[in-house]
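Everything on this sheet refers to the single structure shown next.
Note on naming: letters A, B, ... go to the chains in the order of the sequence lines (proteins, then strands), and numbering restarts at 1 for each one. Because only heavy atoms are used, hydrogens play no part in the values below, and waters and symmetry mates are left out as well, while side chains stay in.
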Amino acid sequence: MAPQPLTAAGVRAARRLSRGFFQRDPITVARALLGKLLIRRDGRILIAGRIVEDEAYLGQEDPAAHAHAGLTARNFVLFGPPGHAYVYFIYGNHYCLNVSCQPEGQAGCVLFRAMEPVFGLAAMSRTRGLVYSPSLPPSQLRAISSGPGRMCEALGITRLRDNNKDLTSRESDLWLADDGFCPEDIVTTPRIGITKAAERPLRFFVRGNPFVSGKRIA
DNA sequence: TTATAGATTGCCT
DNA sequence: GGCAATCTATAAT
């Protein structure tokens with residue numbers, strides 16, 4: 001299945017999500033974020049993807065969450081105001097993007113795991129070191145942004161550039177937006193790639209969407 | 001000060 | 001399917 005592309009006008013018309021959207025518990029926010037657009041503006045270049053997979057990480061009571069250790073120099077964004085980007089470097093190679101949830105002082109976030117590229121596919125592919133053509137097979141289109149590290153690379157997300165950025169600010173070059181799209185069916189599974197609290201059903205994805213990471217399920 | 005595991009990916013057999 | 005790459009936070013000397 002090929003991605004469902006948007007026009008530049010379609011991307012610009014989408015309404016930016018406000019702080020109140022993120023000022024809720026991570027499970028509610030994670031579910032609500034599926035189908036929303038993640039948009040980057042790089043000068044005159046616009047890049048956008050539709051969120052199709054994410055995971056909720058709770059506060060200090062969640063052993064798998066970075067907030068579990070309490071407030072540190074690395075995770076301070078999680079304890080700050082909602083709607084801010086928490087970016088960390090993992091395995092010496094990749095960045096992962098989260099958005100902070102809950103009122104200020106309360107930790108919690110959503111990890112973005114995969115998006116369906118909808119605008120700027122050539123630019124994303126270039127950043128990913130891939131060669132783009134509209135007629136690529138699904139397996140190669142998936143490689144653009146299915147996976148937390150791949151998504152970040154496609155959007156040019158780094159810790160230096162984006163950590164602690166307010167994604168709800170009008171000036172931000174990275175934001176989330178609602179274009180009215182609503183996923184029909186959401187699947188819930190355990191989170192991926194963790195060992196602690198690995199049984200908790202806190203991963204969510206759009207059923208049947210080919211850009212969800214990992215093996216094809218449901 | 002040194003060791004190790006980690007919210008991953010891509011290349012190898 | 002297996003495993004190396006390669007940085008950082010945190011635990012262990």
Side-chain angles (χ1 to χ4, degrees), chain A residues 22 25-27 29-31 33-34 38 49 51-80 84-102 107-117 124-132 136-165 167 176 187-206 210-217:
Chain A
F22 302 99
D25 73 277
I27 297 174
V29 177
R31 290 181 153 276
L33 277 174
L34 291 179
L38 179 55
I51 306 300
V52 298
E53 176 187 358
D54 59 17
E55 290 177 352
Y57 284 84
L58 313 182
Q60 298 197 232
E61 74 282 8
D62 180 0
H66 285 184
H68 182 61
L71 181 64
T72 69
R74 177 209 206 187
N75 69 16
F76 71 94
V77 178
L78 299 177
F79 294 83
H84 286 241
Y86 170 52
V87 181
Y88 65 89
F89 197 51
I90 189 70
Y91 294 120
N93 286 296
H94 311 286
Y95 291 98
C96 288
L97 172 68
N98 304 251
V99 61
S100 61
C101 303
Q102 304 280 41
C109 66
V110 171
L111 166 73
F112 295 99
R113 287 198 55 91
M115 65 180 193
E116 172 175 341
M124 282 189 242
S125 303
R126 193 157 46 244
T127 320
R128 291 268 298 117
L130 305 169
V131 180
Y132 176 72
L136 286 175
S139 61
Q140 290 187 46
L141 287 170
R142 286 186 77 245
I144 296 175
S145 58
S146 73
R150 290 167 167 181
M151 268 189 65
C152 283
E153 191 171 55
L155 292 164
I157 289 169
T158 66
R159 180 171 174 177
L160 190 65
R161 181 177 181 188
D162 300 302
N163 190 48
N164 200 29
K165 185 173 282 181
L167 304 182
L176 288 143
V187 183
T188 305
T189 75
R191 293 173 291 189
I192 287 186
I194 58 172
T195 53
K196 292 170 251 175
E199 74 293 344
R200 301 198 59 176
L202 296 174
R203 171 176 176 247
F204 309 95
F205 64 86
V206 177
F211 296 91
V212 170
S213 75
K215 294 174 187 166
R216 306 257 18 92
I217 335 160

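The listed nucleotides are B:dG6, B:dG10, B:dA7; the one nearest the side chain of A:Arg150 is B:dG10.
Taking the ring centre of A:Phe205 as origin, the terminal cationic atom of A:Arg113 falls outside the region bounded by 6.0 Å and 45° from the ring axis.
Rounded to whole Å, atom P of B:dT4 lies 17 Å from atom OH of A:Tyr91. The interatomic distance linking A:Leu71 (CG) with C:dA9 (C1') rounds to 14 Å, in whole Å. Straight-line distance from the CG atom of A:Leu130 to the P atom of B:dT9: 13 Å, rounded to whole Å. Rounded to whole Å, the distance from CG on A:Leu160 to C1' on C:dC7 is 15 Å. In this entry the distance linking CD1 of A:Ile90 with C1' of B:dA5 reads 9 Å, nearest Å. Rounded to whole angstrom, the span from the CZ atom of A:Arg191 across to the P atom of B:dT8 amounts to 12 Å. Between A:His94 atom NE2 and B:dC11 atom P the separation is 11 Å, expressed in whole Å. Remark: P of B:dT8 and OH of A:Tyr88 are 6 Å apart, rounded to the nearest angstrom.
A:Arg74 comes within 4.0 angstrom of sugar-phosphate atoms only, judged by non-hydrogen atoms across all strands, and of no base. Within 4.0 Å of A:Phe89, counting heavy atoms only, lie sugar-phosphate atoms of the nucleic acid but no base atom.
Between C:dA9 and A:Thr72, no contact under 4.0 Å exists linking OP1 or OP2 to a side-chain N or O. Of the side-chain N and O atoms in A:His66, one or more sit less than 4.0 angstrom from OP1 or OP2 of B:dA7. Within the structure, a side-chain polar atom (N or O) of A:Arg159 is placed less than 4.0 Å from OP1 or OP2 of C:dA9. When the side-chain nitrogen and oxygen atoms of A:Arg203 are compared with OP1 and OP2 of B:dA7, none of them lie within a distance under 4.0 Å.
Side-chain contact check for A:Arg200 versus A:Ile194: every heavy-atom pair is 4.5 Å or farther apart. A 4.5 Å side-chain heavy-atom check between A:Pro117 and A:Phe211 finds at least one atom pair inside the cut-off.
Across the strands present, B:dT4 finds its partner in C:dA9; the criterion is a Watson-Crick or G-U wobble pair with both atom distances under 3.5 angstrom.
A donor-acceptor contact shorter than 3.5 Å links the side chain of A:Arg128 to the backbone of A:Ile144.
Comparing A:Asn98 and A:Arg128 along DNA chain B, the residue whose closest nucleotide (by nearest heavy atom) sits nearer the 5' end is A:Asn98.
Taking the six-membered ring for Trp and thresholds of 30 and 60 degrees, A:Tyr86 and A:His66 have ring planes more than 60 degrees apart, a perpendicular arrangement.
Side chain A:Asn93 to base B:dT9: no donor-acceptor pair is found below 3.5 Å.
Comparing the same atom, P, in C:dG1 and in B:dA7 gives a spacing of 23 Å after rounding to whole Å.
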